[in-house]
Amino acid sequence: MTSRDSGTRTRKTPTERRQEIVRAAALVGLAEGLECITLRRIADELGVQPGLVSHYFPAADILVAEAFTNAARAELDALLPQAPEGPEGPERGTPLSALRRFFALIAGTEFDNVSKLWMNARHLSRYRPSLRDHVIEQELLWCRRIEQLIAAGTAAQLFRCADPWASAVRILVAIDGTSVYINTSAGSRTDPIAHLARTVAETELGLPSEALATD
């Protein structure tokens, strides 16, 4: 007597299936570019029929926008985790240590694919309104996250900053400015390029040179 598969499978909820599609699209966008995200391509990646993907995303542009947001938000949470409410504790560290960690991470190559994704998204947003809205939303989220960190450090007298929002914007402009060369100069970076954003941040926050450098 042969055994038979009971045939019972755990059916994904609509929310789980939608998230699975977005994650798969984000991986394709990171590895190959947002232009490579099509409904058929993501269906192939997941081993499902294209009709299933189009059920959740009738237009590829909507999937592209959400895939970008998924990748950009994951990068932000990895680089600058959202600070919990309440008093600081040893596990949270200080705004100063958070910024040191942040600049150490962006000086390396671990997040190069996301930097390329940002450039890709900003270019395509000229032609894709839904993507443009998502890019603007993520830019503002980045600015707010850094602004909150600067404001907390200023309140704790770790920094000297009269306008945390303006400083956050200028720091992000410095980061974006150096990442513009990611497709052509990633293999020949020099210290002045790699640490330009950090030195801008030190000036903005009234800190001495190398104050945001790690040992």
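With hydrogens and angles ignored, the 3.5 Å screen pairs a side-chain donor or acceptor of E202 with a backbone N or O of E210. N120 places a side-chain N or O within 3.5 Å of a backbone atom of L34 that can act as its donor or acceptor partner. No donor-acceptor pair under 3.5 Å is formed between the side chain of E45 and the backbone N or O of A24. Looking only at distances, no side-chain donor or acceptor of S97 sits under 3.5 Å from a matching main-chain atom of G93. Checked by atom type and distance alone, the side chain of T69 never pairs as donor or acceptor with a backbone atom of E66 at under 3.5 Å. A donor-acceptor pair is defined here as one N or O able to donate and one able to accept, closer than 3.5 Å; such a pair exists between the side chain of S125 and the backbone of R122. Here the side chain of R160 pairs a donor or acceptor atom with the backbone of G206 at under 3.5 angstrom. Put simply, the side chain of R145 gets close to the backbone of L80: a donor and an acceptor are under 3.5 Å apart.
Atom-to-atom distance recorded for F103:CZ and T199:OG1 is 9.0 Å, nearest 0.5 angstrom. Here CG of L99 is found 11.5 Å from CG of L79. Values are rounded to the nearest 0.5 Å. We find the CD-OG distance between E110 and S115 to be 11.0 Å, quoted to the nearest 0.5 Å. Rounding to the nearest 0.5 Å places OG of S54 at 11.5 Å from CD1 of I62. Taking OG1 of T178 as the start and CZ of R198 as the end, the distance is 12.5 Å to the nearest 0.5 Å. Summarising the geometry, atom CG belonging to L149 is positioned 9.0 Å from atom CD1 belonging to I171; distances are rounded to the nearest 0.5 Å.
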Verdict with supporting geometry, E20 and R17, salt bridge (Lys or Arg N to Asp or Glu O under 4.0 Å): CA-CA 5 Å; E20 179 184 55; R17 178 65 77 180; 2.7 Å; yes
Residue pair F111, I106: steps toward the side chain to side chain contact (heavy atoms under 4.5 Å, CB included) verdict: CA-CA 7 Å; F111 294 93; I106 65 171; 5.6 Å; no
Worked check of side chain to side chain contact (heavy atoms under 4.5 Å, CB included) between D61 and Y127: CA-CA 10 Å; D61 278 2; Y127 318 104; over 6 Å; no
Derivation and outcome, salt bridge (Lys or Arg N to Asp or Glu O under 4.0 Å), residues D112 and K116: CA-CA 6 Å; D112 280 359; K116 293 175 183 178; over 6 Å; no
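When hydrophobic clusters are built by joining Ile, Leu, Val, Met, Phe, Trp and Tyr residues whose side-chain heavy atoms come closer than 4.5 Å, directly or via intermediates, L141 is not grouped with V169. In the hydrophobic cluster analysis, where Ile, Leu, Val, Met, Phe, Trp and Tyr join through side-chain heavy atoms closer than 4.5 angstrom, L76 is grouped apart from L27. Following chains of ILVMFWY side-chain contacts shorter than 4.5 Å, one can reach V173 starting from I136, so the two form part of one hydrophobic cluster.
Sparse packing is recorded around CZ of R40, with 12 or fewer heavy atoms of other residues, nucleotides or ligands lying under 6.0 Å away. When the shell of 6.0 Å around CD of E16 is examined, it contains more than 12 heavy atoms from other residues, nucleotides or ligands.
Taking each heavy atom of A65 and S130 in turn, the nearest pair found is CB-O, 3.8 Å. For the residue pair L105 and A78, the shortest heavy atom distance occurs at CD1-O, 4.3 Å. Residue A168 comes nearest to I150 through the heavy atom pair N-CD1, 3.9 Å, listed as atom of the first residue, atom of the second, then distance. Heavy atoms only, all atoms of each residue included: L131 and A121 are closest at CD2-O, 3.7 Å. Looking at every heavy atom in both residues, E32 comes nearest to R41 through OE2-NH2, 2.7 Å.
The shortest side-chain heavy-atom distance between L96 and L212 falls under the 4.5 Å cut-off. Within the 4.5 Å cutoff, side-chain heavy atoms of Y56 are placed close to those of P14. Put simply, the side chain of L46 does not reach to within 4.5 Å of the side chain of L52, judged on heavy atoms. The side-chain heavy atoms of I175 and L196, taken from C-beta on, include no pair separated by under 4.5 Å. Side-chain contact between W165 and R170 is absent, with no heavy atoms from C-beta onward closer than 4.5 Å. The shortest side-chain heavy-atom distance between P50 and L39 does not fall under the 4.5 Å cut-off. P81 places a side-chain heavy atom less than 4.5 Å from the side chain of R101. Side-chain contact between T154 and L158 is absent, with no heavy atoms from C-beta onward closer than 4.5 Å.
Just one residue in the list I37, V22, I42 forms a side chain to side chain contact (heavy atoms under 4.5 Å, CB included) with F57, and that residue is V22.
When only modelled atom types and interatomic distance are considered, Q138 and W118 share no side-chain donor-acceptor pair under 3.5 Å.
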